[in-house]
**Student:** 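Pasting a structure below so you can have a look.
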Number of protein chains: 6
Amino acid sequence: MKKPATPVEPLPNVLIEPIVRAALAEDLGRAGDITTNAIIPASQRARGRIVALRAGRIAGIGAAGLAFTLLDQSIRFEIEAPNGAEVAAGETIAVVEGPARALLTGERVALNFLGQLSGVATATARLVKLCEGTKARVTCTRKTTPGLRAMEKHAVRCGGGFNHRFGLDDAILIKDNHIAAAGSVANAITRARAHHGHMTKIEIEVDSLAQLEEALSLKADTILLDNMPPERLREAVKLTAGRATLEASGNVSEKTIAAIAATGVDYISSGAITHSPKCLDVALDLEDGALT
Amino acid sequence: MKKPATPVEPLPNVLIEPIVRAALAEDLGRAGDITTNAIIPASQRARGRIVALRAGRIAGIGAAGLAFTLLDQSIRFEIEAPNGAEVAAGETIAVVEGPARALLTGERVALNFLGQLSGVATATARLVKLCEGTKARVTCTRKTTPGLRAMEKHAVRCGGGFNHRFGLDDAILIKDNHIAAAGSVANAITRARAHHGHMTKIEIEVDSLAQLEEALSLKADTILLDNMPPERLREAVKLTAGRATLEASGNVSEKTIAAIAATGVDYISSGAITHSPKCLDVALDLEDGALT
Amino acid sequence: MKKPATPVEPLPNVLIEPIVRAALAEDLGRAGDITTNAIIPASQRARGRIVALRAGRIAGIGAAGLAFTLLDQSIRFEIEAPNGAEVAAGETIAVVEGPARALLTGERVALNFLGQLSGVATATARLVKLCEGTKARVTCTRKTTPGLRAMEKHAVRCGGGFNHRFGLDDAILIKDNHIAAAGSVANAITRARAHHGHMTKIEIEVDSLAQLEEALSLKADTILLDNMPPERLREAVKLTAGRATLEASGNVSEKTIAAIAATGVDYISSGAITHSPKCLDVALDLEDGALT
Amino acid sequence: MKKPATPVEPLPNVLIEPIVRAALAEDLGRAGDITTNAIIPASQRARGRIVALRAGRIAGIGAAGLAFTLLDQSIRFEIEAPNGAEVAAGETIAVVEGPARALLTGERVALNFLGQLSGVATATARLVKLCEGTKARVTCTRKTTPGLRAMEKHAVRCGGGFNHRFGLDDAILIKDNHIAAAGSVANAITRARAHHGHMTKIEIEVDSLAQLEEALSLKADTILLDNMPPERLREAVKLTAGRATLEASGNVSEKTIAAIAATGVDYISSGAITHSPKCLDVALDLEDGALT
Amino acid sequence: MKKPATPVEPLPNVLIEPIVRAALAEDLGRAGDITTNAIIPASQRARGRIVALRAGRIAGIGAAGLAFTLLDQSIRFEIEAPNGAEVAAGETIAVVEGPARALLTGERVALNFLGQLSGVATATARLVKLCEGTKARVTCTRKTTPGLRAMEKHAVRCGGGFNHRFGLDDAILIKDNHIAAAGSVANAITRARAHHGHMTKIEIEVDSLAQLEEALSLKADTILLDNMPPERLREAVKLTAGRATLEASGNVSEKTIAAIAATGVDYISSGAITHSPKCLDVALDLEDGALT
Amino acid sequence: MKKPATPVEPLPNVLIEPIVRAALAEDLGRAGDITTNAIIPASQRARGRIVALRAGRIAGIGAAGLAFTLLDQSIRFEIEAPNGAEVAAGETIAVVEGPARALLTGERVALNFLGQLSGVATATARLVKLCEGTKARVTCTRKTTPGLRAMEKHAVRCGGGFNHRFGLDDAILIKDNHIAAAGSVANAITRARAHHGHMTKIEIEVDSLAQLEEALSLKADTILLDNMPPERLREAVKLTAGRATLEASGNVSEKTIAAIAATGVDYISSGAITHSPKCLDVALDLEDGALT
């Protein structure tokens with residue numbers, strides 16, 4: 001297991017606790033874990049390890065811990081692989097100990113958070129690794145799961161990626177429809193700048209080098225080059241010459257990203273890392289004899 | 001496009017509206033769509049089609065519509081491909097018309113619901129198709145996205161699948177840890193029956209034919225055969241002889257499911273259809289010239 | 001006082017805490033307990049006993065405790081009569097000790113939960129006692145207080161009863177209107193089975209022995225015999241011969257239940273135990289001199 | 001049916017809508033009405049009458065209507081017996097018409113509100129009737145159902161009763177424990193008056209005529225005479241001579257209230273009208289043939 | 001620093017915790033304090049003092065403490081100037097110690113509550129001081145900040161003022177429009193009394209001595225004298241002769257209040273103390289070298 | 001009245017409706033407007049004008065309208081002075097017509113939103129006017145009312161100001177404590193840039209021209225010049241020579257802002273416009289005879 005060089009900062013509990021409580025309520029329904037309560041005595045204790053069934057990058061460990069401790073404060077949840085850690089198949093992610101009923105009741109919710117968010121981190125980490133040796137940073141989009149955006153964006157950071165805007169409100173991203181409505185790249189940027197202040201970045205999507213020139217002349221902070229082949233990206237990088245940040249998007253996958261990164265763009269954005277990651281397979285193994 | 005023979009019943013608005021409102025709030029943040037509001041005039045109207053970029057099965061159309069109409073009641077959202085419909089690449093799923101600002105603002109939330117839930121439905125439909133000609137029904141698990149269980153379970157139905165239990169409270173599922181704690185299959189079932197009434201199904205996971213016999217003798221409603229190879233499943237089917245419903249799980253994929261279905265089991269459960277579906281690629285195409 | 005043979009499992013705090021918080025907010029309003037705060041010094045401590053003023057069966061003890069500890073974490077709440085215990089008039093249910101202000105402020109909310117839920121448990125226990133010596137189990141309905149269903153269903157278990165379905169979604173109950181719409185008992189069951197899977201029980205209400213036969217032939221899990229006199233129920237039991245679970249409903253009261261139970265039905269459902277129970281009279285007695 | 005002379009003002013929707021939404025969510029669970037959705041076609045319409053199965057006083061008609069219209073805005077809900085109306089057994093309370101599915105799905109939640117709140121109103125109206133010819137008004141307590149206080153207090157008004165304080169914050173009620181802590185009736189009232197302003201009534205519970213004198217000399221607004229027999233109440237009324245409002249409480253029932261009212265007290269408070277009312281039996285009768 | 005003679009009772013945590021959580025969520029947004037997390041190591045601790053930059057009266061200290069402890073339970077928050085204390089410029093209000101990140105993250109929310117509520121208390125205390133030597137008490141109105149009424153009303157108490165009604169529901173206040181609709185002062189009071197019970201005070205606004213007489217003859221509890229010059233108020237006081245509580249309102253400011261108080265009215269109400277107070281300037285000073 | 005040259009975009013209803021609902025619930029309490037319901041007949045209609053009692057800039061008109069229409073959908077609320085309009089004393093802001101009860105019940109909540117948010121807009125507009133003829137833009141801070149940040153930031157835009165960051169998460173603002181912890185301006189910026197991506201602006205507070213140089217050399221987007229006198233600001237502007245955006249803060253008031261603006265800085269931030277604005281005096285005038 002390899003912990004991250006700098007620890008990834010945790011999401012504040014005040015933000016994730018309501019989400020974990022809602023997930024527990026969703027699973028407990030109106031009667032709680034009727035199987036466990038019928039069969040396991042209240043006094044029974046247990047101890048188990050959460051293990052990775054395949055290699056991956058960890059995210060969501062805080063939510064996983066909360067899924068247990070919100071059920072029963074006396075549960076001890078010890079993290080072995082913190083957010084951002086690289087685990088091999090079979091390695092222990094956390095050790096959990098406490099009342100057997102609460103462990104069995106919280107298991108699925110804990111694993112759902114851990115598996116899905118680690119899936120995002122793992123997918124991100126793969127792209128990041130493929131960009132090594134270039135200056136390209138991997139970034140995400142707003143194609144996230146409804147209700148989990150803050151957690152998925154955090155998982156992107158756990159995977160070594162960087163966050164794009166969090167919503168429609170925290171940065172300006174001018175797309176083709178906006179340009180069409182404004183009449184030109186220049187009009188669109190001018191209107192945006194007239195309405196918004198000094199703490200808001202302006203990004204604009206361009207589809208030709210002519211538009212790129214126009215955007216550069218208006219000092220857009222970032223320029224989105226959508227669906228351009230590597231050779232075109234390379235020209236754009238050359239033409240830009242450091243005057244703006246360049247982001248490439250479209251047709252980004254584990255197969256294509258190295259070539260895109262090699263063009264010299266600053267950021268490469270991927271929707272797939274949040275909308276279609278493969279869940280990391282994780283399981284809770286109770287110690288032998290724990291429940292007998 | 002092929003609509004379902006019987007329409008899939010919608011989820012009640014009273015359940016999905018709070019989820020869609022939360023998703024909109026998550027995306028709008030504290031200032032709304034600052035790009036669109038700066039550039040598009042309030043009086044501008046637009047019209048567009050939501051199209052499928054690849055073939056798939058539709059789910060989440062209700063949530064997608066709400067994402068627009070909760071922003072602006074005057075938006076007209078006309079469904080062409082209802083929940084459960086099979087669409088080809090390029091086909092129109094819905095037509096949407098109204099104030100251009102609201103259309104652009106609601107687009108991403110609408111597409112996130114539609115893409116992700118259609119992804120679940122599409123993954124389910126593929127497994128269902130591979131079971132054709134057998135009596136096996138495809139069913140889901142509790143490996144769902146936190147906060148979206150009701151919607152994902154509904155998407156499974158849109159894909160032609162059947163729902164397993166919705167939470168820990170609506171059916172009994174006795175697993176290996178429960179059996180270990182109880183001492184035997186028989187003890188576990190007896191305890192469950194002593195605590196729960198006539199409206200709760202009892203399912204028990206067995207890992208040998210001996211345990212299967214024990215479960216059958218105690219009249220478990222459903223028996224979960226976990227990770228058994230097809231030949232073993234076939235023996236189980238034969239031994240059971242209709243005395244209980246049989247569910248196979250473990251190692252279920254598009255490659256393996258046909259062989260599992262051929263063994264004669266009643267249900268085959270898949271976690272992957274909800275925890276790792278590939279998002280269905282959908283887009284909003286505004287009409288040419290709509291915003292100029 | 002007589003504790004239950006097997007302890008009744010508690011409802012998870014994650015489910016009841018929001019309900020208790022809402023009840024406290026409802027009583028505290030916008031200024032809190034203005035009487036107590038004006039008159040009782042902040043440093044005053046007190047100790048008291050919650051006593052039963054008449055005999056009954058306890059439920060809601062967890063909510064009662066939370067009503068105090070959510071106001072002030074330092075309050076000690078010691079349960080003497082746990083959920084499911086039988087208490088005589090005058091017996092102590094719990095001892096509570098802490099800041100006098102918090103004790104007086106939390107008193108009414110705590111007693112409201114305890115009194116109303118113990119009322120449900122007590123009404124249930126009376127019916128259960130009248131069925132002794134038969135195999136009939138007492139069960140509840142969906143005629144519960146809005147917002148308190150999970151707690152009232154739990155109180156039914158504290159009274160020795162069994163739970164019917166928790167909502168419209170966790171079991172199928174086909175009533176006369178459904179049969180009328182479907183055209184026949186057989187059609188209704190067939191449609192239900194076509195839509196729902198292996199973890200959902202199917203119950204159907206019949207009003208004649210002919211319909212009973214039809215339901216049995218389609219292997220309904222449970223058959224509801226509504227408003228049948230005992231002799232008719234007896235015929236139904238004979239005809240069924242164990243092929244399905246039989247539930248009797250209608251005109252169930254402390255006067256009639258013994259005769260119904262004697263017919264051999266499996267379950268007898270009562271709406272009155274949740275919709276019209278007499279609140280168990282409970283009070284908080286502060287120790288003499290505690291506040292002088 | 002007899003409508004109230006002055007219409008009872010409705011509770012604002014903004015207050016009851018969240019409660020009705022929560023009740024629907026509680027009953028719909030995670031999948032909605034699975035029975036109805038499987039059996040009744042989406043296009044089927046129905047029409048029915050909500051009828052009283054026994055005589056009573058109506059309350060909760062607004063919540064009952066919302067239970068339907070929040071499910072489906074197209075439902076028409078016509079009130080025949082408004083809040084506060086006296087109905088005979090068999091009379092129609094409301095007529096409801098719309099999609100058959102929504103009618104069957106909303107039925108139980110609507111009837112639960114209507115039955116339970118009409119139960120409160122009916123119990124109140126009986127006590128009110130027994131006080132006729134005296135000046136005594138019937139009032140309620142804080143012994144209400146957690147979460148439904150505003151609705152139950154409103155139901156008391158529908159029954160012709162008057163509301164006592166709504167919570168711990170909107171009036172001062174000094175009880176025995178407060179007097180003990182303060183050292184005397186006078187100290188308690190003085191402290192209360194020092195802390196609270198001109199818009200807060202002060203009521204104090206006394207248990208002797210000496211205490212009553214003390215309270216009168218300090219100009220308490222209301223004096224609570226707890227558990228005094230009628231002859232003692234009569235003395236208190238005489239001694240008070242209109243200098244304060246007198247409220248009698250304790251041992252109030254349909255058997256005792258007339259004698260208490262005859263003593264000349266101004267208010268008689270009953271906990272039972274809200275904590276143990278008998279639910280009014282109400283049903284939804286669909287029109288013959290509506291669903292065939 | 002001068003603590004209040006009698007400590008001001010705190011608002012129950014159960015009421016303010018949700019408001020503080022919402023304020024933290026509002027400030028943390030979807031990613032938390034990105035500046036601090038990038039720059040300050042997780043292990044860094046700090047210690048600081050919250051100081052008053054100008055003299056004032058303290059309120060909101062509980063909310064300020066919660067802003068820190070809800071972020072990190074390990075933070076120690078020691079109150080030096082409790083609610084109601086008078087502080088001089090430069091004095092310490094509280095000492096806070098714990099993880100440096102949490103201190104910096106919670107700072108603004110804590111100071112916003114403390115500054116704004118202390119602003120209300122300070123404005124109130126100034127008016128109170130100007131009434132010294134008269135019997136006039138300062139009271140507030142419903143002109144409060146949406147969402148913060150309970151906290152602002154509490155701040156008024158911290159400033160030595162008294163609370164008027166908390167909402168539209170806890171006392172009757174008959175204004176000119178109500179009198180116009182009723183036809184006369186007498187009609188309005190009679191209708192109010194017919195509908196409401198013994199725990200609800202009745203106040204009526206009058207604009208002439210004739211109306212005042214009418215209100216007195218109907219035994220209104222409180223009479224609101226709106227916008228009357230001092231000489232007119234004096235007449236009203238004389239005419240009333242203690243038969244009702246008199247409240248003066250309109251044109252109340254630090255310049256005018258002494259003259260109004262001198263007229264002998266019982267209460268003087270000010271909207272400005274809650275709708276336009278000057279925020280008390282407070283700051284968090286970290287100890288020198290704390291973060292180096 | 002002078003409408004804004006470009007209409008200010010409205011805040012989405014999906015964001016403000018929950019805030020307005022909460023404000024209504026806060027004012028309606030548990031029984032609604034008991035005065036109005038007792039005195040005004042349900043059938044009475046009324047019509048009135050919301051007028052400005054002094055000159056100012058309008059904000060919060062959407063929330064004001066919702067306060068009425070959420071109470072009663074049939075109320076007609078016609079806006080005369082939209083957000084951003086300049087009104088003179090006595091001018092009409094909106095006309096409202098509907099059931100008299102709902103108008104009187106919603107009045108205070110509507111005016112509280114309108115008055116307080118227009119107060120923010122008015123204070124902002126004054127500062128903006130004082131900067132005319134310079135390039136300085138007025139901006140706000142995070143010193144906002146808990147729970148109302150989005151609305152107050154919007155009010156700043158209505159006043160002609162520009163928004164600073166909305167929370168701790170949407171831009172980086174490095175302050176003295178961060179620099180102290182990092183060891184230098186350069187270290188702090190480098191760490192920030194290492195953790196955050198291309199859509200996040202970086203602002204840093206400097207207190208000397210040396211630090212300014214250091215910040216410029218690291219290409220900070222914005223530099224905060226805190227509490228510098230005009231001559232120092234002028235030097236900073238000269239030294240910067242357009243290489244970064246400059247924001248001045250500290251000691252900003254109607255007296256000082258013109259001199260600050262004249263130095264050539266780009267932005268001037270004021271906490272007072274949101275933490276201590278004077279509420280704009282607004283009133284609802286019902287038409288003569290409307291209620292008689």
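All chains are named by letter (A, B, ...) in the order of the sequence lines, taking the proteins before the strands, and each is independently numbered beginning at 1. Atoms considered below: every heavy atom in the structure, side chains included; atoms not considered: hydrogens, waters and symmetry mates.
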**Student:** For D:Arg165, which atoms come within 4.5 Å of any heavy atom of chain C: side chain, backbone, both, or neither?
**Tutor:** side chain
**Student:** Where does D:Thr200 contact chain C at under 4.5 Å (heavy atoms): side chain, backbone, both or neither?
**Tutor:** side chain
**Student:** Do D:Thr105 and C:Leu168 pass the side-chain contact (heavy atoms from CB on, under 4.5 Å) test, and can you show the C-alpha distance, the side-chain angles, and the key distance before you say yes or no?
**Tutor:** CA-CA 8 Å; D:Thr105 300; C:Leu168 290 162; 3.9 Å; yes
**Student:** Tell me, please, which residues at least two apart from C:Arg191 pass side chain to side chain donor-acceptor pair (under 3.5 Å).
**Tutor:** none
**Student:** Could you list the residues that satisfy ring pair (Phe, Tyr, Trp, His ring centres under 6.0 Å) with D:His196, not counting sequence neighbours?
**Tutor:** none
**Student:** Is there any residue in residues 61-69 of chain C with a non-hydrogen atom under 4.5 Å from a non-hydrogen atom of chain D, and which ones are they?
**Tutor:** none
**Student:** Stepwise, does the side-chain contact (heavy atoms from CB on, under 4.5 Å) test hold for D:Arg149 with C:Asn112?
**Tutor:** CA-CA 11 Å; D:Arg149 183 168 291 167; C:Asn112 282 352; 3.9 Å; yes
**Student:** Do C:Glu26 side-chain atoms and D:Phe166 backbone N/O form a donor-acceptor pair below 3.5 Å?
**Tutor:** no
**Student:** Does a donor on one side chain and an acceptor on the other come within less than 3.5 Å for C:Thr35 and D:His178?
**Tutor:** no
**Student:** Run the side chain to side chain donor-acceptor pair (under 3.5 Å) test against D:Glu247 and tell me which residues pass, sequence neighbours left out.
**Tutor:** D:His164, D:Ser269, E:His198
**Student:** Could you tell me whether the side chain of D:Gln116 and the main chain of C:Thr144 form a donor-acceptor pair under 3.5 Å?
**Tutor:** yes
**Student:** Just how far is it from atom CG of D:Asp169 to atom CG of C:Asp27, taken to the nearest 0.5 Å?
**Tutor:** 8.0 Å
